[in-house]
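Here is the structure we will look at.
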Amino acid sequence: MLKRWLILASLLGAALGASLLAAPPAAHAEEQRYAIRASMEEMEVNSRGTLTLEVEAVGGFAIDAAYPAALSVLPEVGDEVLVAQKQKYERRDAKLSKDGKTLSWAVSFTGRRAGKHPVKLNAKFRVCKDDECHEEEASLRLTVVVKG
C-alpha cells in the first residue's frame with residue numbers, strides 16, 4: 001500500500017546550517033518506516049549553496065537500493081531569483097550509506113536575489129524489512145534564505 005506523508009517544514013535564517021527532522025505524525029509511530037532530514041549551508045547572493053536531503057529508514061527497515069528512487073526540486077519563485085542546478089534527481093544521483101539505512105541527495109542552488117525563497121522537494125523511495133516493502137512519497141516545503 002502506498003502511503004503518502006505531507007511534511008511541511010521551514011529553514012529560516014537562524015536554522016541555516018542546522019538540521020531539520022520531519023517524520024510521519026506521532027499517531028502512526030508504530031508504523032513509522034522513515035524519517036527525513038534537510039540541512040542547508042549558508043548562501044550569499046550570486047553564490048552557490050547546497051541543500052542536503054536525507055531519507056533514513058527506521059524501525060528495522062532499510063532503503064531498497066534497487067528501487068528507482070527520485071527527487072524533484074521545484075523552486076516556487078521565478079528562475080531569475082533562485083536557480084536549482086537540476087530539477088530532477090535519480091537514484092544514481094544519491095548516496096546510499098554503507099548500512100543501507102540512509103539515502104541522501106545534494107541539491108545545489110544559486111540565489112540571484114536576497115530574501116527568503118520557497119522550494120518544494122518531492123522524494124520517492126522504497127523501504128523494506130524481511131518480505132515487506134513499502135513505496136513511500138514525501139513532500140517538503142522549505143524556505144531557502146539568501147543573504148544580501
Side-chain angles (χ1 to χ4, degrees), residues 1-43 47-79 81-112 115-146:
M1 178 175 154
L2 178 63
K3 290 228 175 193
R4 295 176 191 218
W5 301 103
L6 177 61
I7 301 166
L8 298 176
S10 293
L11 290 176
L12 301 175
L16 286 174
S19 289
L20 174 74
L21 177 63
H28 299 284
E30 69 280 359
E31 297 177 10
Q32 187 173 348
R33 296 182 285 268
Y34 67 92
I36 293 183
R37 285 182 295 277
S39 61
M40 179 78 190
E41 61 187 41
E42 194 169 305
M43 184 188 317
S47 68
R48 183 171 284 178
T50 302
L51 181 149
T52 301
L53 180 75
E54 293 183 339
V55 176
E56 180 183 7
V58 297
F61 284 87
I63 300 290
D64 182 352
Y67 183 78
L71 176 68
S72 60
V73 180
L74 307 162
E76 296 180 354
V77 292
D79 287 342
V81 176
L82 188 64
V83 181
Q85 181 182 10
K86 291 172 64 173
Q87 290 188 337
K88 302 275 184 197
Y89 290 80
E90 298 176 357
R91 167 61 188 93
R92 69 174 176 239
D93 299 315
K95 292 182 183 176
L96 183 64
S97 63
K98 289 183 181 184
D99 65 2
K101 299 245 182 230
T102 306
L103 187 65
S104 62
W105 284 277
V107 179
S108 293
F109 291 98
T110 301
R112 300 283 186 220
K116 297 176 182 177
H117 309 296
V119 174
K120 185 175 180 182
L121 303 171
N122 294 319
K124 294 181 181 181
F125 53 95
R126 184 164 61 192
V127 293
C128 297
K129 175 169 69 172
D130 302 323
D131 293 336
E132 172 187 357
C133 288
H134 300 272
E135 291 182 12
E136 305 283 1
E137 267 188 62
S139 294
L140 273 70
R141 188 174 306 279
L142 306 173
T143 298
V144 174
V145 178
V146 179

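Along the sequence shown, residues are numbered consecutively beginning with 1.
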Does Lys101 use its side chain to pair, donor to acceptor, with the backbone of Phe61 at less than 3.5 Å? yes
Search all heavy atoms of Asp99 against all heavy atoms of Ser97 and return the closest pair with its distance. OD1-OG, 2.5 Å
Smallest separation among heavy atoms of Phe109 and Pro75, with atom names: CE2-CG, 4.4 Å
For the student: nearest non-hydrogen atoms of Leu53 and Ala38, plus distance: CD1-CB, 4.2 Å
Contact check, side chains of Leu51 and Leu121, non-hydrogen atoms, under 4.5 Å: yes
Should Val127 and Ile63 count as side-chain neighbours, where that means a heavy-atom distance under 4.5 Å? yes
Pick one: which of Lys86, Lys88, Arg92 meets side-chain contact (heavy atoms from CB on, under 4.5 Å) with Glu90? Arg92
Working to the nearest 0.5 angstrom, can you tell me the gap between Glu56 CD and Thr102 OG1? 4.5 Å
Shortest non-hydrogen contact from Gln32 toward Ala35: NE2-CB, 4.3 Å
Can you tell me which residue among Arg126, Arg33, Lys124, Arg91 is in a salt bridge (Lys or Arg N to Asp or Glu O under 4.0 Å) with Asp64? Arg126
Please enumerate all residues that pass ring-ring contact (aromatic ring centres under 6.0 Å, His included) together with Tyr67, with sequence neighbours excluded. none
Between Tyr34 and Val58, the two heavy atoms sitting closest are N-CG2, 3.5 Å
I need the minimum non-hydrogen distance between Met40 and Val144, along with the two atoms involved. CE-CG1, 3.8 Å
Spacing of Glu54 atom CD and Lys95 atom NZ [to the nearest 0.5 Å]: 10.5 Å
